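What follows is a single structure, written as structure tokens, with notes after it.
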Amino acid sequence: LSPDTPIKATPVTFDEIRDSSDNPVDENTITYDKTLTFIGTSERNTALNLRNDKIKFTDTTSDASGDWVKEFTLSDFKRYTIDAIEHEPPQNHSGSKTFVLATETPIINLVTGKDGEIKDGDTYDGDSVDIIGNAPPNVEVEAFNGETTTGKKALVDADGLFKLTLNEL
């Protein structure tokens with residue numbers, strides 16, 4: 001080797017995602033488990049950032065063998081596209097892995113009316129409201145008034161999001 005011979009850097013890999021029961025979370029699948037373990041390799045003893053849609057959400061460091069493992073608890077039900085990138089230049093990065101973190105039962109996140117958000121216990125004199133929330137992807141949610149259906153339904157999108165409009169209140 002001469003001083004001009006370039007040193008080939010070890011690529012950053014993002015090899016797998018596992019849930020808290022050690023089950024694989026495969027590419028473009030749905031998981032209902034918020035606590036996940038991300039696994040990959042890089043140059044030895046290298047600081048890495050884990051990113052969702054190119055925005056850092058946590059970091060980790062590879063060990064003396066170049067392996068890295070990071071357990072992390074996600075907070076938002078949504079579609080994730082995660083990759084790993086070296087913290088320092090040259091900032092080699094891995095390919096990304098995409099999955100949806102979904103809830104097993106419908107959750108109402110927000111109710112809005114003609115004047116904006118309606119909080120629990122507020123009185124409301126409008127004609128319609130929008131109910132926005134999360135539910136298992138690709139199913140239908142239905143609004144009830146106590147035990148009685150309102151007949152209003154909405155489809156949940158592939159990312160587990162829904163918006164159901166109740167009108168004629």
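One is the number of the first residue; the rest follow in order along the sequence. Note that this is a predicted model, so its numbers are computed, not measured. Computed over heavy atoms, backbone and side chain alike; hydrogens, waters and symmetry mates excluded.
Cluster partners of V12, by chain and number: F14, I17, V25, L36, F38, L48, L50, F57, W68, F72, L74, F77, Y80, I82, F99, L101, I107. The rule joins Ile, Leu, Val, Met, Phe, Trp and Tyr whenever side-chain heavy atoms lie under 4.5 Å apart.
Between the side chain of K97 and the main chain of E16, no donor-acceptor pair closer than 3.5 Å is present. Of the possible polar contacts, none joining the D159 side chain to the L161 backbone as a donor-acceptor pair under 3.5 Å is found. A donor-acceptor contact shorter than 3.5 Å is absent between the side chain of T35 and the backbone of S20. Looking only at distances, a side-chain donor or acceptor of T150 sits under 3.5 Å from a matching main-chain atom of A143. Side-chain atoms of E27 come within 3.5 Å of backbone N or O of T98 as a donor-acceptor pair. Between the S65 side chain and the D67 main chain, no donor and acceptor come within less than 3.5 Å of each other.
Between the side chains of E142 and T149, at least one donor N or O lies within less than 3.5 Å of an accepting N or O. Side-chain contact, D33 with T31: no donor N or O sits under 3.5 Å from an acceptor N or O. There is a side-chain donor-acceptor pair under 3.5 Å between T165 and D130. For the residue pair K152 and N167, a side-chain donor N or O sits within less than 3.5 Å of a side-chain acceptor on the partner.
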Practice task
Decide yes or no on salt bridge (Lys or Arg N to Asp or Glu O under 4.0 Å) for R51 and D83, but give the supporting numbers first.
Solution key: CA-CA 5 Å; R51 308 180 301 178; D83 70 348; 2.6 Å; yes

Exercise for the section: I would like to know whether Y32 and D19 meet side-chain contact (heavy atoms from CB on, under 4.5 Å); could you show each step before the answer? Expected result: CA-CA 9 Å; Y32 299 99; D19 68 17; over 6 Å; no

